[in-house]
Amino acid sequence: MAVANQKGGVAKTTTVASLGAAFAELGLRPLLVDLDPQACLTFSLGIDPDAVEVSVHEVLTGAATAAEALLEADDGVDVLPAAIDLAGTEAVLLPRPGREYVLRTVLEPVAGRYDVVLLDCSPSLGVLTLNALTAADELLVPLQAEMLSHRGVGQLLDTVADVQRILNRDLVVRGLLPTMFDGRTVHARAVLADVQERYGLPVLSPPIPKSVRFAEAPAVGRSILRTSRGSKGAEAYRAVAAGLVQAWGLQPHDPAAAAEQARR
Ligand code: ADP
Ligand code: MG
């Protein structure tokens with residue numbers, strides 16, 4: 001599942017890290033792929049991007065295999081890490097034929113090891129994001145539930161339509177995920193209703209509440225599910241993950257954890 005929105009700061013990376021940890025809690029095996037040259041996902045999983053020797057750049061440009069780049073992170077997830085050299089990847093791919101299919105091709109040999117693969121996109125609709133949309137079965141669009149923040153959604157959906165026509169017929173938009181949601185404000189709720197109506201997309205629930213706890217987690221290399229286990233934000237991501245697992249018909253490997261989540 002690609003997690004994309006060309007707007008920055010809408011919680012794409014937070015969503016990938018948190019859902020990954022939630023899937024791991026359920027006993028599933030998640031792989032998280034960092035496709036942003038800023039390498040925030042890699043960093044927030046406790047890995048120093050400057051110390052990464054084989055990154056997604058080498059994998060996408062053919063210098064290494066995905067298996068050679070995989071790292072194990074603390075939250076029970078594997079990661080295909082990014083480093084700063086990812087900033088140059090698009091330029092390398094640009095003249096290549098089939099450049100949008102590279103990620104799909106390189107992930108194929110390792111994808112079978114995992115129950116779910118999450119792709120953390122950069123804030124652009126460039127070649128790397130097109131690679132993510134081509135490799136993915138589904139797209140999740142985090143959306144900050146604040147006025148004006150949905151303006152780019154139409155453009156993103158135009159790109160998705162192009163991808164579905166040309167590159168990946170089977171791409172499904174799983175839905176919008178409201179993030180940094182402050183249900184007390186009338187406009188947060190109004191924006192949600194407006195977006196839902198305007199674009200005719202499913203809105204996943206529950207919305208992810210706004211909380212300062214989220215800012216603290218990346219610095220210690222852990223997701224909020226570990227740093228603030230019982231917080232509303234952690235619980236919201238667990239509930240979204242459980243909904244996805246159910247929608248996909250996946251069998252959690254840890255029935256006790258699954259029952260515990262259902263109970264909450
Ligand atoms: P993106 O990947 O879309 O650029 P990030 O996941 O990096 O967005 O999040 C941007 C900032 O917002 C980060 O500082 C993150 O800690 C913070 N953040 C994410 N989710 C929430 C939330 N639910 N409440 C408050 N702050 C959040
Ligand atoms: Mg990000």
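Each residue takes its place number in the sequence, starting with 1. Just so we're clear, the structure is a prediction, and the values are computed from it rather than from any experiment.
- For residues 109-128, the set of pairs meeting the salt bridge (charged side-chain N to carboxylate O under 4.0 Å, His left out) definition, not counting sequence neighbours, comprises Arg29-Asp115.
- The side-chain contact (heavy atoms from CB on, under 4.5 Å) test applied to Val240 returns Leu19, Leu177, Leu204, Pro206, Ile208, Leu244, not counting sequence neighbours.
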### Message
Let's go through Asp36 and Thr13 carefully: what are the C-alpha distance in whole Å and the side-chain angles of both, what is the deciding distance for side-chain hydrogen bond (donor to acceptor under 3.5 Å, both in side chains) to 0.1 Å, and is it a yes or a no?
### Response
CA-CA 9 Å; Asp36 187 344; Thr13 300; 5.2 Å; no
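- Put simply, the side chain of Thr129 gets close to the backbone of Ser124: a donor and an acceptor are under 3.5 Å apart.
- With side-chain heavy atoms closer than 4.5 Å counting as contact, directly or through intermediates, the hydrophobic cluster containing Leu31 also holds Val33, Leu35, Val56, Val59, Leu60, Leu70, Leu80, Leu86, Leu93, Leu94, Val102, Leu103, Val106, Leu107, Val110, Tyr114, Val117, Leu119, Val127, Leu128.
- A search for side-chain contact (heavy atoms from CB on, under 4.5 Å) contacts involving Ala247 returns Arg174, not counting sequence neighbours.
- No single ILVMFWY cluster, assembled from side-chain heavy atoms under 4.5 Å apart, contains both Val163 and Val172.
- Take Glu72 and apply the side-chain contact (heavy atoms from CB on, under 4.5 Å) test, not counting sequence neighbours, and it matches Asp78.
- Shown here for Glu90 and Gly126, the closest heavy-atom pair between the two residues is OE2-C, 3.5 Å.
- The distance from atom CZ of Arg229 to atom CD1 of Ile224, rounded to the nearest 0.5 Å, is 12.0 Å.
- Counting heavy-atom neighbours within 6.0 Å of Glu216 CD, excluding the residue itself, gives a total above 12.
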#### Entry: side chain to side chain contact (heavy atoms under 4.5 Å, CB included) assessment of Leu130 paired with Thr159
CA-CA 8 Å; Leu130 290 176; Thr159 302; 3.8 Å; yes
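- Pairs passing the ring pair (Phe, Tyr, Trp, His ring centres under 6.0 Å) check and including a residue from residues 206-242, sequence neighbours excluded, read Phe214-Tyr237.
- With sequence neighbours excluded, the residues satisfying side-chain hydrogen bond (donor to acceptor under 3.5 Å, both in side chains) with Asp182 are Arg184.
- Within a 6.0 Å radius of CD in Gln38, no more than 12 heavy atoms belonging to other residues, nucleotides or ligands are found.
- Summarising the geometry of Tyr101 relative to Ile166, their closest heavy-atom pair is OH-O, 3.6 Å, with the distance given to 0.1 Å.
- For Asp137, the side-chain hydrogen bond (donor to acceptor under 3.5 Å, both in side chains) test picks out no residue, with sequence neighbours left out.
- Taking each heavy atom of Gly76 and Ala24 in turn, the nearest pair found is O-CB, 3.5 Å.
- Between the CG atom of Asp162 and the CG atom of Asn168 there is a distance of 12.5 Å, given to the nearest 0.5 Å.
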### Query
Could you walk me through whether Leu225 and Arg238 pass the side chain to side chain contact (heavy atoms under 4.5 Å, CB included) check?
CA-CA 8 Å; Leu225 273 75; Arg238 285 192 186 100; 3.8 Å; yes
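- Shown here are the side-chain contact (heavy atoms from CB on, under 4.5 Å) partners of Glu68, two or more places apart in sequence or in another chain: Ala64, Thr65.
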#### Entry: side chain to side chain contact (heavy atoms under 4.5 Å, CB included) assessment of Asn5 paired with Leu143
CA-CA 8 Å; Asn5 184 334; Leu143 193 78; 4.0 Å; yes
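- Using a 4.5 Å heavy-atom threshold, the side chains of Phe23 and Leu250 count as separate.
- Val220 belongs to no hydrophobic cluster, as no Ile, Leu, Val, Met, Phe, Trp or Tyr side chain comes under 4.5 Å of its own.
- The shortest non-hydrogen separation linking Ala136 to Ala2 is CB-N, 3.7 Å.
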Contacts table for residues 39-48: side-chain donor-acceptor under 3.5 angstrom, sequence neighbours left out:
unit_1, atom_1, unit_2, atom_2, d
Thr42, OG1, Asp34, OD2, 2.7
Thr42, OG1, Ala82, N, 2.9
Ser44, OG, Cys40, O, 3.2
Ser44, OG, Leu41, O, 3.0
Asp48, OD1, Asp50, N, 2.9

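- Applying the salt bridge (charged side-chain N to carboxylate O under 4.0 Å, His left out) rule to pairs touching residues 95-111 yields nothing, sequence neighbours excluded.
- Smallest separation of non-hydrogen atoms from Ser223 and Ala21: OG-CB, 3.4 Å.
- The two atoms that bring Val10 and Met180 nearest to each other are C-CE, 3.9 Å, heavy atoms only.
- With contacts defined as side-chain heavy-atom distances shorter than 4.5 Å, the pair Val173/Leu171 does not qualify.
- With a 4.5 Å cut-off on side-chain heavy atoms, Leu118 and Pro30 do not count as touching.
- To the nearest 0.5 Å, atom OG of residue Ser122 and atom CD of residue Gln6 are 10.0 Å apart.
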### Task
Apply side chain to side chain contact (heavy atoms under 4.5 Å, CB included) to the pair Asp85 and Glu58, showing each step before the final yes or no.
CA-CA 9 Å; Asp85 55 4; Glu58 279 75 37; 3.0 Å; yes
